[in-house]
Amino acid sequence: MGRSRRTIPEELLLLALDPTTGTTAQPQSLDLGLAGAQLVELALAGRIAPDGDRIAVVLPRPTGDPTLDSALELLRRRGSPVRAVHWIGGPRLGLRQTYLSHLERCGMVHAVENQMCGVLPTTRYQATDTAVSRQIRARLDTAIRTGTPPDARTAALAALAHSVGLGKHLYPGNEGRSSRSRLRDLIRHDPMGGLVAHAVMDVQNGVAGQAAAARRSQPQSAGARPPGRAPAGAAMSVVGQSQPVSDQGRRRGVTRAAVRPSLSH
């Protein structure tokens with residue numbers, strides 16, 4: 001059996017896991033959310049901190065969690081603060097599977113082998129410890145129902161759940177509309193969670209890719225870097241792991257002002 005408290009990436013994945021089908025909701029955006037959840041967990045552990053819209057390493061000491069420590073080491077190697085939108089939009093091949101395998105080793109889920117159309121092998125993951133999943137969900141439900149400011153972990157989890165589109169999975173239909181709205185509003189209670197959630201939505205809307213294209217289209221002046229070479233310490237480019245969805249944010253009814261946290265304090 002796993003430890004009593006899960007990391008935020010693990011909690012986000014457990015929220016997305018459908019107990020009936022064994023599949024994860026919003027798989028493409030969930031990959032982005034897991035990368036963002038790693039940043040939030042590292043911030044709560046005191047390893048990184050927001051620097052404007054960038055992420056700075058303030059304590060490179062390992063946390064003891066191999067997956068988090070791998071992300072921390074990558075951030076440290078940059079040598080300078082990284083824009084959150086570029087970090088989240090960078091290649092994260094296999095991150096969701098890494099966490100699913102980890103949860104399986106902890107006894108939280110078990111893999112069920114199957115075949116798609118009787119030919120293609122598929123793997124679904126059924127929750128084996130539903131008590132932990134219920135506790136995670138109860139924290140969100142309580143914050144939504146009472147309106148009481150949640151703790152930083154719950155606020156960050158709510159921000160990430162909203163950013164990857166889990167609101168309709170957790171609170172479906174017209175009857176869940178008000179709960180989805182309050183889930184979105186919980187973003188303001190955690191600056192780091194709000195920053196990361198906003199970056200996740202920006203990546204989905206193609207903001208990072210548009211910025212990179214704009215830089216490439218600028219004429220090269222004397223002494224400028226040749227095309228394709230990034231400045232030292234720059235964040236990685238966005239890969240095509242999911243197609244930009246230009247109107248996704250508008251469908252959710254979310255504005256930048258509604259979710260961007262104030263980092264002045």
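One-based numbering along the sequence shown. Only heavy atoms go into these numbers, but all of them, side chains included; no hydrogens, no water, no symmetry mates.
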Going by salt bridge (charged side-chain N to carboxylate O under 4.0 Å, His left out), name the residues that satisfy it together with R177, two or more places apart in sequence or in a different chain. none
Mind running side chain to side chain contact (heavy atoms under 4.5 Å, CB included) on T154 and D190 for me, showing each step along the way? CA-CA 9 Å; T154 302; D190 180 61; over 6 Å; no
Nearest 0.5 Å, please: how far is [atom2] in [Y] from [atom1] in [X]?
| X | Y | atom1 | atom2 | value |
| --- | --- | --- | --- | --- |
| L15 | L160 | CG | CG | 10.0 Å |
| L59 | I48 | CG | CD1 | 11.5 Å |
| R6 | L157 | CZ | CG | 13.5 Å |
| T7 | R153 | OG1 | CZ | 7.5 Å |
| I55 | R47 | CD1 | CZ | 15.5 Å |
| E73 | L68 | CD | CG | 13.5 Å |

Could you give all pairs that pass the salt bridge (Lys or Arg N to Asp or Glu O under 4.0 Å) test and reach residues 15-29, with sequence neighbours left out? none
Side chain of [X], backbone of [Y]: donor and acceptor closer than 3.5 Å?
| X | Y | result |
| --- | --- | --- |
| D51 | R54 | no |
| R78 | V57 | no |
| E10 | H102 | no |
| R180 | Y171 | yes |
| T128 | G107 | yes |
| E41 | I8 | yes |
| S101 | Q97 | yes |

Please determine whether side chain to side chain contact (heavy atoms under 4.5 Å, CB included) holds for the pair L103 and L14, giving the CA-CA distance in whole Å, both sets of side-chain angles, and the decisive distance to 0.1 Å. CA-CA 9 Å; L103 290 175; L14 287 171; 3.9 Å; yes
Are any non-hydrogen side-chain atoms of [X] and [Y] less than 4.5 angstrom apart?
| X | Y | answer |
| --- | --- | --- |
| L75 | L42 | yes |
| M201 | H162 | yes |
| P27 | R96 | yes |

Same cluster or not: L74 versus L32, using hydrophobic residues (I, L, V, M, F, W, Y) connected whenever any side-chain heavy atoms lie under 4.5 Å apart? yes
May I have the step-by-step check of side chain to side chain contact (heavy atoms under 4.5 Å, CB included) for I88 and L39, ending in yes or no? CA-CA 9 Å; I88 291 168; L39 294 181; 4.2 Å; yes
Applying side chain to side chain contact (heavy atoms under 4.5 Å, CB included) to L166 and L12, what does each step give before you reach the verdict? CA-CA 9 Å; L166 287 185; L12 183 65; 3.9 Å; yes
Taking all non-hydrogen atoms of both residues into account, name the closest pair between [X] and [Y] and its distance.
| X | Y | answer |
| --- | --- | --- |
| L72 | P60 | CD2-O, 3.7 Å |
| M192 | P50 | SD-CD, 3.9 Å |
| L95 | A35 | CD2-N, 3.6 Å |
| A152 | L44 | CB-CD2, 4.1 Å |
| I187 | G194 | CG2-CA, 3.5 Å |
| T63 | A45 | CG2-CB, 4.4 Å |

Can you sort out the partners of S181 under side chain to side chain contact (heavy atoms under 4.5 Å, CB included), two or more places apart, ordered by chain and number?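 With sequence neighbours excluded, S181 shows a side chain to side chain contact (heavy atoms under 4.5 Å, CB included) to R184, D185, given in chain and number order.
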